[in-house]
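First comes the structure, then the notes that go with it.
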Amino acid sequence: MYFAALLARTEDGWEASDTELDDVETLSDLIDLAREASIDDDTVIVFIEQEDAWFGVLRIEGEDDPRIYVSDGAAAARSSYGEILTKEILGDDLDDDDTLDDLNLDGTEDGEPLDRDDDEDEAGASVDAVPAAPVGDRLLLADLGMSESQLQELDGDALAEIADALGAAEVLETVR
């Protein structure tokens, strides 16, 4: 189960909204969702959490490239939304036009079984190549009150701790 929330910075502080990921199939979809919430191209933070397995933070500012951090690359790469983020961070050859249906998450292609005679199947190789450690921009929240070391030490309710550091704990709690 996923929890996703979006925090948009306004001149009055942070505004939070619960984010539905049902229509998100690509990184571009996620970026578009964030930019729609932006007021005057201000900072937008998207939080995605899969139960207690991993969390991700996507930061969008205007038309700049997104900044992404994922707490556990390997765990995230095994999930649909996490794979979108880790592929962007680690530079996979999939482009934004690939949808979740095209990502071949179960290791089979077009319903055909994998040929186990190959040295390594493509799906196993890509997931195995993702480190079971934090990946991405560890400084994406440093200017907002959360240092690199603080971000990497998070566990438990990481999103609440991030929101607290940003001064947005109350608004995040309202969408939970």
Side-chain angles (χ1 to χ4, degrees), residues 1-10 12-22 24 26-39 42-62 64-92 100 103 105 126-176:
M1 177 161 186
Y2 293 97
F3 171 75
L6 191 139
L7 288 174
R9 181 187 267 179
T10 69
D12 298 326
W14 292 96
E15 290 183 10
S17 61
D18 192 7
T19 302
E20 286 295 323
L21 299 177
D22 295 342
V24 173
T26 66
L27 181 62
S28 293
D29 293 341
L30 192 56
I31 292 168
D32 290 345
L33 184 70
R35 286 193 172 129
E36 288 172 10
S38 176
I39 299 171
D42 284 334
T43 302
V44 177
I45 307 289
V46 179
F47 297 117
I48 301 174
E49 179 179 54
Q50 184 181 12
E51 295 179 7
D52 291 328
W54 64 273
F55 70 90
V57 181
L58 174 74
R59 180 176 177 168
I60 303 290
E61 293 183 282
D64 292 346
D65 286 341
R67 297 171 66 187
I68 303 169
Y69 174 83
V70 175
S71 65
D72 183 331
R78 289 188 295 270
S79 70
S80 55
Y81 300 114
E83 186 171 30
I84 291 171
L85 299 176
T86 57
K87 285 196 180 299
E88 175 66 19
I89 293 167
L90 300 173
D92 197 89
L100 291 178
L103 291 177
L105 296 176
S126 65
V127 171
D128 291 341
V130 179
V135 294
D137 185 347
R138 292 170 171 90
L139 297 173
L140 86 158
L141 300 174
D143 63 322
L144 299 174
M146 176 156 281
S147 71
E148 175 182 5
S149 61
Q150 290 172 312
L151 185 62
Q152 292 184 74
E153 292 171 4
L154 293 176
D155 64 2
D157 194 2
L159 301 185
E161 292 182 47
I162 292 170
D164 188 45
L166 300 177
E170 288 181 26
V171 293
L172 179 64
E173 193 58 38
T174 61
V175 300
R176 281 198 154 174

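For clarity, every value in this text was computed on a predicted model and none was experimentally measured.
Atom OG1 in Thr86 sits 6.0 Å away from atom CD in Glu83 (nearest 0.5 Å). The line from CG of Leu21 to CG of Asp29 is 10.5 Å long, rounded to the nearest 0.5 Å. Once rounded to the nearest 0.5 Å, the distance linking CD of Glu88 with CG of Asp65 reads 7.5 Å. Asp42 contributes atom CG, which lies 7.5 Å from atom CZ of Arg9 (distance to the nearest 0.5 angstrom). The line from CD of Glu51 to OH of Tyr2 is 9.5 Å long, rounded to the nearest 0.5 Å. Rounding to the nearest 0.5 angstrom, the gap separating the CG atom in Leu6 from the CD atom in Glu20 is 12.5 Å.
Residues Tyr69 and Leu139 fail the side-chain proximity criterion, which asks for heavy atoms closer than 4.5 Å. Side-chain contact between Ile162 and Leu144: absent, with no pair of heavy atoms (C-beta onward) separated by less than 4.5 Å. Contact check for Leu85 versus Leu27: side-chain heavy atoms found under the 4.5 Å cut-off. Contact check for Leu140 versus Ile68: no side-chain heavy atoms found under the 4.5 Å cut-off. The side-chain heavy atoms of Leu166 and Leu172, taken from C-beta on, include no pair separated by under 4.5 Å. Inter-residue side-chain proximity for Leu33 and Val46 is flagged as unmet; no heavy-atom pair is nearer than 4.5 Å. Side-chain contact between Phe55 and Asp157 is absent, with no heavy atoms from C-beta onward closer than 4.5 Å.
For the pair Pro66 and Leu58, the tightest heavy-atom approach, listed with the atom from each and the gap, is CB-CD1, 3.5 Å. The shortest heavy-atom contact between Ala165 and Gly145 is CB-O, 3.8 Å. Nearest heavy atom pair, residue Ala74 against residue Ala132, reads CB-CA, 3.7 Å. Taking all atoms of both residues into account, the shortest heavy-atom contact from Ala53 to Ala75 is O-CB, 4.0 Å. Scanning both residues, Ala168 and Leu7, for their nearest heavy atoms gives CB-CD1, 4.0 Å. In terms of heavy atoms, Ile60 sits closest to Ala34 at CG1-CB, 3.7 Å.
A donor-acceptor contact shorter than 3.5 Å links the side chain of Arg35 to the backbone of Gly62. The backbone N or O of Ile48 sits nowhere less than 3.5 Å from a side-chain atom of Tyr81 that would complete a donor-acceptor pair.
Heavy-atom contacts from other residues, nucleotides or ligands closer than 6.0 Å to CD of Gln152 number more than 12.
Qualifying salt bridge (Lys or Arg N to Asp or Glu O under 4.0 Å) partners for Glu49, counting only residues two or more places apart in sequence or in other chains: Arg176.
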Kindly determine whether Asp137 and Arg59 satisfy side-chain contact (heavy atoms from CB on, under 4.5 Å), including the steps that lead there. CA-CA 10 Å; Asp137 185 347; Arg59 180 176 177 168; over 6 Å; no
